[in-house]
Amino acid sequence: MSIGKTVDGLFDKFLSETKIFTNRNVLRHDYVPDNLPHRSEQIEKLASILAPTLKLSKVSNIFLYGKTGTGKTAVARFVLNHLGGKAKKVSARIQTSYINCRLAGTNYRILADLCRTIGVSIPFTGLAVGEVLNRFRNYLNASKTSLIVVLDEIDALIKRQDDDSILYELTRINEGLRENWTSLIGISNDLHFKEFLDPRVLSTLSEEEVVFKPYLADELYDILSDRAKAAFMKDVLVDSALRLCAALAAGEHGDARRALDLLRVAGELAEREGVNNVVEKHVKQAQNKIDRDRVSEVLSSLPLHSKIVLISAYLLGTRSPEGSITGDLFEVYKELSNMVPVEPLTQRRVSGLINELDAMGILNARVVSFGRYGRTKKIRLGVSPTAVNEVLSEDRLVENLFKYTPKYLARKSSR
DNA sequence: TGTCCACTGGAAGGGAGGGCTT
DNA sequence: AAGCCCTCCCTTCCAGTGGACA
């Protein structure tokens, strides 16, 4: 009985303590508010480009670019939501799809996701890309629906080693359609990505361009106060805390996403502390917490072999803070793999994993030449060793590796 | 100036896991 | 069920490389 009572009361504390938020979802970055301050120019431009769709005319492909957290995705979703509503009223056959290319991963998955958003079911593997493309085209032809596709983080498509043929195919898909059409909205935060595009794709994709400049501190303040009104109880949020959020995010290239995260986490910290106000102290704590959480999320979701590579770099780093080289790291990695135990990958593959971890910022790898002593990569941890230890020690498969002293290291130091 | 080291990184191919067609 | 084709992840192979050293 008493257990039942305890369990029953488990969440009461939480429920009784929501003195801070009225609706914390408003502070999530996938939330599209009714009003997007300081983006009316971009909204109007995008809307004016897309407006002819309501009269079933094909519209230009559009390219939106600007740094992270400058409102590209929010503006695109905002305009498409309104367009969708209007299309229903005037009975225009228009569908919209939103795909995040980086999250989707491969060309195949992007196409498969695209098909799923319009209601065509595609297995997660087994089909040729060409076959998926055919089904996509057939559906569009049969349904006579026109489609506006948002390809967010489109640069992820180009940076991978595989080619950009999927973009080429999408830009040409209208050639196979009879009564309807498809328009693309590409979104990128990498201004240089266009240099890597196939010129044929580039000319079709960027028929229209909308640029998103970083928000200034004052603009961030306006955005935050708008959202804060909807998210927090009255008089909970101290104005100086709000200003600090805006100032910190403005320091990081005017990133509204960062500002919203700071505000939300600051609120949550205040809530857990059981106080009735969100003050500057909470914002500063939130800043540290967000950085820590980001690192631990990335580390804990790494594949097993990447974790072992990382622990190898960690162990080598405790001996020589100036960094290790590929050959040493690979020797340690092989020993650790046998401890786990898993079959070690080849040096070529490990070298690739090192590059991947470098791209994620978890390792710092730099190609160096030691003259007649060869050419290799100098590798250091890109995150704090404490974080690596803390996060990966929670993984049962690899936790013991931290206590292990690789024989290779002992041999090396005795030399 | 040529040699040589310890790799790097591109290319090709293998095989596991899967779907489609017959 | 068999044969074929696909993606994804990996291995194998190997030409290429920067720069210290003889």
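We name chains A, B, ... by the order of the sequence lines, and we start the count at 1 in each one.
A:Arg172 and A:Tyr168 share a side-chain donor-acceptor pair at under 3.5 Å. In this structure, a donor-acceptor pair under 3.5 Å is present between the side chains of A:Asn355 and A:Lys377. Donor-acceptor pairing under 3.5 Å is lacking for the side chains of A:Tyr333 and A:Gln347. With hydrogens and angles left out, the side-chain atoms of A:Ser324 and A:Asp328 include no donor and acceptor closer than 3.5 Å.
Nucleotide B:dC7 holds its C1' atom 12 Å from the CG atom of A:Asn355, rounded to whole Å. In this structure, A:Lys378 places its NZ atom 12 Å from P of B:dC7, rounding to the nearest Å. Rounded to whole angstrom, the span from the CZ atom of A:Arg366 across to the P atom of B:dT8 amounts to 14 Å. If you measure from atom CG of A:Leu133 to atom C1' of C:dT7, you get 16 Å, rounded to the nearest angstrom. In this structure, the CD atom of A:Gln347 is 11 Å from the P atom of B:dA6, given to the nearest Å.
If you check every strand for non-hydrogen atoms under 4.0 Å, A:Thr346 touches a base.
Remark: A:Arg77 is positioned above the aromatic ring of A:Tyr98, its terminal NZ or CZ atom under 6.0 angstrom from the ring centre and at most 45 degrees off the axis.
Here ring pair (Phe, Tyr, Trp, His ring centres under 6.0 Å) pairs that include residues 42-66 of chain A, with residues two or more places apart or in two chains, are A:Phe63-A:Tyr65, A:Phe63-A:Phe193.
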Inset, instruction - Between protein and nucleotides 16-22 of chain C, map the contacts as a letter string: B base, S sugar-phosphate only, - none, heavy atoms under 4.0 Å, written 5' to 3'. - result: BBBBBSS
Legend entry - Heavy-atom protein contacts under 4.0 Å, nucleotides 13-22 of chain B, coded B base, S sugar-phosphate only, - none: ----BBSS--
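Side-chain atoms of A:Arg116 come within 3.5 Å of backbone atoms of A:Ile122 as a donor-acceptor pair (strictly under, hydrogens ignored). Panel note: side chain A:Lys72, backbone A:Val211; no donor-acceptor pair is recorded below 3.5 Å.
For B:dT8, one of the phosphate oxygens OP1 or OP2 lies less than 4.0 angstrom from a side-chain nitrogen or oxygen of A:Lys377. Between A:Arg349 and C:dC10 there is a side-chain polar atom (N or O) within less than 4.0 angstrom of OP1 or OP2. Phosphate proximity of B:dC7 to A:Ser351: absent, as no side-chain N or O sits under 4.0 Å from OP1 or OP2.
Comparing atom distances between the A:Thr326 side chain and each of B:dT8, C:dC8, B:dA11 picks out B:dT8 as nearest.
The pair A:Asp34-A:Arg227 does not meet the salt-bridge criterion, since no charged nitrogen lies less than 4.0 angstrom from a carboxylate oxygen.
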